[in-house]
Enquirer: 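Structure provided below as structure tokens; questions to follow.
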Amino acid sequence: MQAKVVLRSIGLMLMMFSTTLFLPLLVSYIYQDQAESLFWQSFLILLTAGAVLWFPFRNEKRQLYHRDGFLIVALFWMILGTMGAVPFILGDTPSLSITDAVFESVSGFTTTGATILEGLDDMPKSILFYRQLLQWFGGMGVIVLALAVLPVLGIGGMQLFRAEVPGPVKDSKLTPRIAGTAKALWVIYLGITIICAIAYRIAGMDWFDAIGHSFSTAANGGYSTHDDSIGFFKNPAIEIVAIFFMAVSGMNFALHFAALQSASLKVYLLDSEARTYLLLMILSGSVVGGILYYEGISDFSLFDAMRHGMFQIVSFMTTAGFSTTDFYNWPGPVPVMLVFIGFVGGCAGSTAGGLKVIRVMLLYKQGDREIQRLIHPNASIPVKVGKEVQQERIIEAVWGFFGLYVVSFVVIMLLMMAGGLDQVTAFSAVAACINNVGPGLGDVATSFRTVSDPVKWLACFAMLLGRLEIFTILVLLSPKYWRY
């Protein structure tokens with residue numbers, strides 16, 4: 001373990017992140033919300049903390065090993081989640097405890113969108129902007145950004161890329177060099193954000209709301225500048241814009257890259273995961289819309305029912321977590337259906353959370369293969385995605401991930417129940433956090449404000465597990481990791 005290189009890398013990236021506080025500082029000056037000193041103090045604290053870690057080891061530029069990458073990523077997300085809480089801790093509005101501040105920060109960075117805040121409409125603009133910014137940087141990953149703009153890190157980029165980027169297959173690169181891949185991802189991410197902000201503005205938001213919501217939409221995070229989320233605007237055009245950009249951000253960014261290079265939309269239609277993702281989204285949205293219409297909820301017209309149904313399905317499946325209405329009061333199986341579509345999540349290599357569509361596809365195909373083997377014991381039956389035969393190593397990795405996912409889910413759920421939550425609230429709270437969805441059912445349908453502090457810390461751990469895809473965190477808990 002190269003501890004000096006690890007500390008140097010974390011310190012350098014922490015100093016880099018401290019500079020992002022100039023953006024909410026600028027917003028504070030523009031809106032004169034009296035929060036300027038708050039962000040100056042926060043900047044100096046983060047910069048100093050990063051410098052303390054970096055300066056003693058500034059000349060350590062040795063190549064990272066694969067295992068070092070996991071430690072850097074895990075530590076950086078834990079440290080950044082904690083240090084990102086500094087503006088919330090120092091601020092008077094909102095006035096938060098350390099636990100609540102860390103919860104809000106971790107939820108933002110992991111793009112979960114679960115919150116403990118109320119009264120957003122009356123908060124300083126700079127604080128609201130900072131929350132949105134947390135999600136935007138967390139969406140594509142601060143470390144991937146570091147690889148794009150700080151090649152002077154002098155460390156093994158692929159080690160960090162494998163540990164950071166979500167998805168079951170992490171060895172594919174869009175460009176020959178990993179820094180080029182990171183830049184390509186961030187250029188596409190920035191492009192989606194800018195177009196989304198313009199679309200929101202045209203649809204009826206002011207520029208502050210449009211930019212803020214474009215951050216959380218591209219990141220599939222779900223934070224809003226209003227308590228009522230997207231429902232605050234009561235504008236079908238804004239909801240349609242949100243549906244489109246949530247869905248786009250929930251697709252593999254490598255597909256966006258390929259589509260831009262080929263100048264063709266056929267790339268999406270030829271990809272099995274993208275087709276399954278869109279088909280599942282459309283079918284589920286239609287089912288929910290149909291139930292809302294036939295149940296006569298709020299006297300919805302057919303268009304309103306389909307719009308609200310599709311919005312909430314897309315919001316949960318992409319794990320954005322926006323809402324347009326009180327979905328938890330919808331009839332029959334609909335609220336539970338929304339929670340379970342969040343388990344599926346978006347595509348690998350996207351900003352969405354959940355298991356990922358490709359993993360669900362492989363689990364289904366493996367199950368189907370086992371049924372065929374019972375009928376034809378001697379047959380050789382490959383698992384294919386499209387026309388491509390999947391390696392057994394990938395199938396084993398998916399099953400390993402799923403096994404650890406289930407065990408982690410059950411353990412955290414039982415601990416939350418021991419912390420005072422009922423079964424429905426505990427189940428949906430873990431689902432909301434480990435899938436990075438945000439809203440749940442029961443006592444956490446609107447916020448986590450009323451749950452105990454131990455439950456909030458468990459929720460933070462679940463968010464990090466989900467954001468870093470289980471393995472990156474759990475590998476550090478293995479004695480074998482530290483043995484060599």
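Numbering of residues begins at 1 and proceeds along the displayed sequence.
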Enquirer: Testing the 3.5 Å rule here: is there a donor-acceptor pair between the side chains of S28 and D33?
Expert: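 Short answer, yes.
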Enquirer: Before accepting this row, confirm whether a basic side-chain N of the pair K356/E469 lies closer than 4.0 Å to the acidic partner's carboxylate O.
Expert: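 The answer is yes: the pair qualifies as a salt bridge.
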Enquirer: Would you say that F88 contacts R131 through its side chain, given a criterion of any heavy-atom pair below 4.5 Å between the two side chains?
Expert: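 In contact.
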Enquirer: Tell me whether the rings of F233 and H226 are parallel (<30°), tilted (30 to 60°) or perpendicular (>60°).
Expert: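 Geometry flag for H226 against F233: perpendicular rings.
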Enquirer: Are any non-hydrogen side-chain atoms of V455 and S452 less than 4.5 angstrom apart?
Expert: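 Yes, close enough: below the 4.5 Å cut-off.
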Enquirer: Determine whether the side chains of T110 and T112 contain a donor N or O and an acceptor N or O closer than 3.5 Å.
Expert: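 Yes - a donor-acceptor pair under 3.5 Å links their side chains.
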Enquirer: Using a 6.0 Å cut-off, check whether atom CG of L414 has over 12 heavy atoms from anything other than its own residue.
Expert: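 Counting other residues, nucleotides and ligands, CG of L414 exceeds 12 neighbours.
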Enquirer: Parallel, tilted or perpendicular: which one describes the rings of F409 and F343, with boundaries at 30° and 60°?
Expert: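 Ring orientation of F409 relative to F343: tilted.
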Enquirer: How are the rings of F402 and Y405 set relative to one another: parallel (under 30°), tilted (30 to 60°) or perpendicular (over 60°)?
Expert: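 Rings of F402 and Y405: parallel, under 30°.
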Enquirer: Working to the nearest 0.5 Å, report the span between OG of S408 and CD1 of I470.
Expert: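 If I round to the nearest 0.5 Å, the distance is 5.0 Å.
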Enquirer: Check whether N252 reaches the backbone of C347 with its side chain - one donor and one acceptor, N or O, closer than 3.5 Å.
Expert: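 Flag not set: sc N252 to bb C347 has no pair under 3.5 Å.
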Enquirer: Answer with yes or no whether the side chains of T450 and D443 bring together a donor and an acceptor at under 3.5 Å.
Expert: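 No.
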Enquirer: Looking only at side-chain N and O atoms, does H308 offer a donor or acceptor that is under 3.5 Å from a partner on T324?
Expert: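 The criterion, which ignores hydrogens and geometry beyond distance, is satisfied for H308 and T324.
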Enquirer: Is a donor from one side chain sitting under 3.5 angstrom from an acceptor on the other, for N220 and T351?
Expert: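 Yes, T351 and N220 have a side-chain donor paired with an acceptor closer than 3.5 Å.
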Enquirer: Measuring centre to centre across the rings, with the benzene-like ring taken for any Trp, is F39 within less than 6.0 Å of Y29?
Expert: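 Centroid separation for F39 and Y29: 6.0 Å or greater.
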Enquirer: Taking C-beta and beyond as the side chain, do D121 and F232 meet within less than 4.5 Å on heavy atoms?
Expert: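 A side-chain contact exists here, since the closest heavy-atom pair is under 4.5 Å.
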Enquirer: When you measure from the centre of the six-membered ring of F401, is the NZ or CZ of R359 under 6.0 Å away and within 45° of the axis?
Expert: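 Yes, R359 and F401 form such a contact.
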Enquirer: Scan Y223, Y130, F245, F129 and name whichever one has a ring pair (Phe, Tyr, Trp, His ring centres under 6.0 Å) with F215.
Expert: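 Exactly one pass, corresponding to F129.
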Enquirer: What orientation do F103 and F448 show, parallel under 30°, tilted 30 to 60°, or perpendicular over 60°?
Expert: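 Judged by the thresholds at 30° and 60°, the geometry between F103 and F448 is tilted.
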Enquirer: Measure up the F137 and W186 rings against each other and bin them: parallel (under 30°), tilted (30 to 60°), perpendicular (over 60°).
Expert: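 The arrangement is tilted - the two ring planes meet at 30° to 60°.
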Enquirer: With a 4.5 Å heavy-atom cut-off, do L120 and L117 have their side chains touching?
Expert: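 SC-SC contact between L120 and L117 confirmed.
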Enquirer: Find out whether the Lys NZ or Arg CZ of K125 is both under 6.0 angstrom from the six-membered ring centre of Y31 and within 45° of the ring's axis.
Expert: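 Judged by the rule, K125 and Y31 form a cation-pi pair.
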Enquirer: Verify whether one side chain among S216 and Q132 offers a donor that lies under 3.5 Å from an acceptor in the other.
Expert: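 Distance-only check passes for S216 and Q132.
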Enquirer: Keeping R201 on the side-chain end and C196 on the backbone end, is there a donor-acceptor pair under 3.5 Å?
Expert: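 No, R201 side chain to C196 backbone: no donor-acceptor pair under 3.5 Å.
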Enquirer: With distance as the sole criterion, is a donor-acceptor pair present between the side chains of D92 and S95 under 3.5 Å?
Expert: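 On atom types as modelled, these side chains do not qualify, holding no pair under 3.5 Å.
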Enquirer: Any idea how Y200 and H213 line up, ring-wise: parallel (<30°), tilted (30 to 60°), or perpendicular (>60°)?
Expert: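 Because their plane-to-plane angle is over 60°, the rings of Y200 and H213 count as perpendicular.
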